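Notes follow the structure.
The residues of the chain are indexed from 1 along the displayed sequence. None of the values given here were measured: they were computed from a predicted structure.
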Amino acid sequence: STRKESSAASDVYKRQIMKHLILVILLIPSILFSQDHRFQIDYNEGSIKKTFLIENNKLFKISGTIEEIYIFSSNSIAKEYLTNLDQSLKPRIKYRIGKTTLFVDSAESISYYSINTPSGSIGQIKSINNITFTYLSKASFNQNAGVVGELSKIGNIKVNYYTDLAKGKHRGKIKYLGNKKFNYQPWSTWGEKAGIVGELTSIGNMKINYYDTDYAIGFKGKLKSIGNVKFTYFLDKAENRIAGIVGKFKQQTGKDSRLIIR
């Protein structure tokens, strides 16, 4: 009897362990791909206007280059702001960091680059609250790409830009932010015809697609999907032509735990 009770107790314990393991496995995707992207969409144009991206406690507002950086006291507050853009959470103190606007909660100490530093950095803010900023120099390839003075490092986060002469219209845009790579539509005759050359096609493992066939009448070149979220437009049908709505935005469907679209 004692052995049977012990065996039963062991079976119950094993079932409990299995339940916990299953729960952990189910939670892994949300842990790995928790919301750290936000896209501002122009539904009329069918295009991405702004991208918000979280790296630790820093939120980056990006449109080709870094427009704004918000430094929060924690990653959880950064994620909360990303979710609803609650202005009461936004850091109040504003500084110009090269070509970027920086928002912080406090400025306990600030230092500047002097004349003994590389070109592109002279007179710029070097650090705020021990967070160091570095800038791209006046090297010829940076000048040609129009990125002189852009941030190349924010604390321990590195930033890299496309500076080559490719025809993809992405020269001067962000290539890497931390370990996330930004890819853009390269040049091709069909891409040029669709009007998507130079458009953002991925951030890390987040894929972005556009309508590019001749069948996409009225919405060729418009946003098709971001991750698992899809965008559809009114088709070229008689009733839509009569109503004058061919190619206009119709519906956004699908969900992706990695991103927010507003």
(message) Aromatic contact between Phe52 and Phe60, with the criterion being ring centroids under 6.0 Å apart: yes or no?
(response) no
(request) Determine, stepwise, if the pair Lys169 / Glu192 fulfils salt bridge (charged side-chain N to carboxylate O under 4.0 Å, His left out). (result) CA-CA 10 Å; Lys169 297 181 181 178; Glu192 191 73 43; 3.2 Å; yes
(message) Regarding Lys180 and Glu55, does a basic nitrogen lie under 4.0 Å from an acidic carboxylate oxygen?
(response) yes
(request) With the side chain counted from C-beta on, respond yes when Ser137 and Asn142 share a heavy-atom pair under 4.5 Å apart, and no when they do not. (result) yes
(request) Start with the C-alpha distance between Leu259 and Val229, add both sets of side-chain angles, then the distance that settles side chain to side chain contact (heavy atoms under 4.5 Å, CB included), and finish with yes or no. (result) CA-CA 9 Å; Leu259 60 90; Val229 178; 4.0 Å; yes
(message) Taking atom CG as the centre, does Asn130 end up with more than 12 heavy-atom neighbours from other residues, nucleotides or ligands that are less than 6.0 angstrom away?
(response) no
(message) Over 60° means perpendicular and under 30° means parallel, so tell me whether Tyr81 and Phe72 are parallel, tilted or perpendicular.
(response) tilted
For residues 241-252, which side-chain donor-acceptor pairs fall under 3.5 Å, sequence neighbours excluded?
unit_1, atom_1, unit_2, atom_2, d
Arg241, NH1, Asp236, O, 3.4
Arg241, NH1, Asp236, OD1, 3.0
Gln252, OE1, Tyr43, OH, 2.6

(request) Answer with yes or no after comparing the ring centroid distance for Tyr161 and Tyr176 against a 6.0 Å cut-off, counting only values under it. (result) no
(request) Report yes if some heavy atom in the side chain of Ile69 is under 4.5 Å from a heavy atom in the side chain of Ile97; otherwise report no. (result) no
(request) Return yes if some donor-acceptor pair links the side-chain N/O of Lys173 with the main-chain N/O of Ser63 below 3.5 Å, else return no. (result) no
(request) For ring-ring contact (aromatic ring centres under 6.0 Å, His included), just list the numbers for Phe219 and Phe231, CA-CA rounded to whole Å, side-chain angles, deciding distance to a tenth of an Å, and then say yes or no. (result) CA-CA 11 Å; Phe219 53 92; Phe231 303 85; over 10 Å; no
(request) Enter the distance from Lys79:NZ to Ile260:CD1 here, rounded to the nearest 0.5 Å. (result) 9.0 Å
(request) Determine, for Lys193 against Asp214, whether the closest basic-nitrogen to carboxylate-oxygen distance falls under 4.0 angstrom. (result) yes
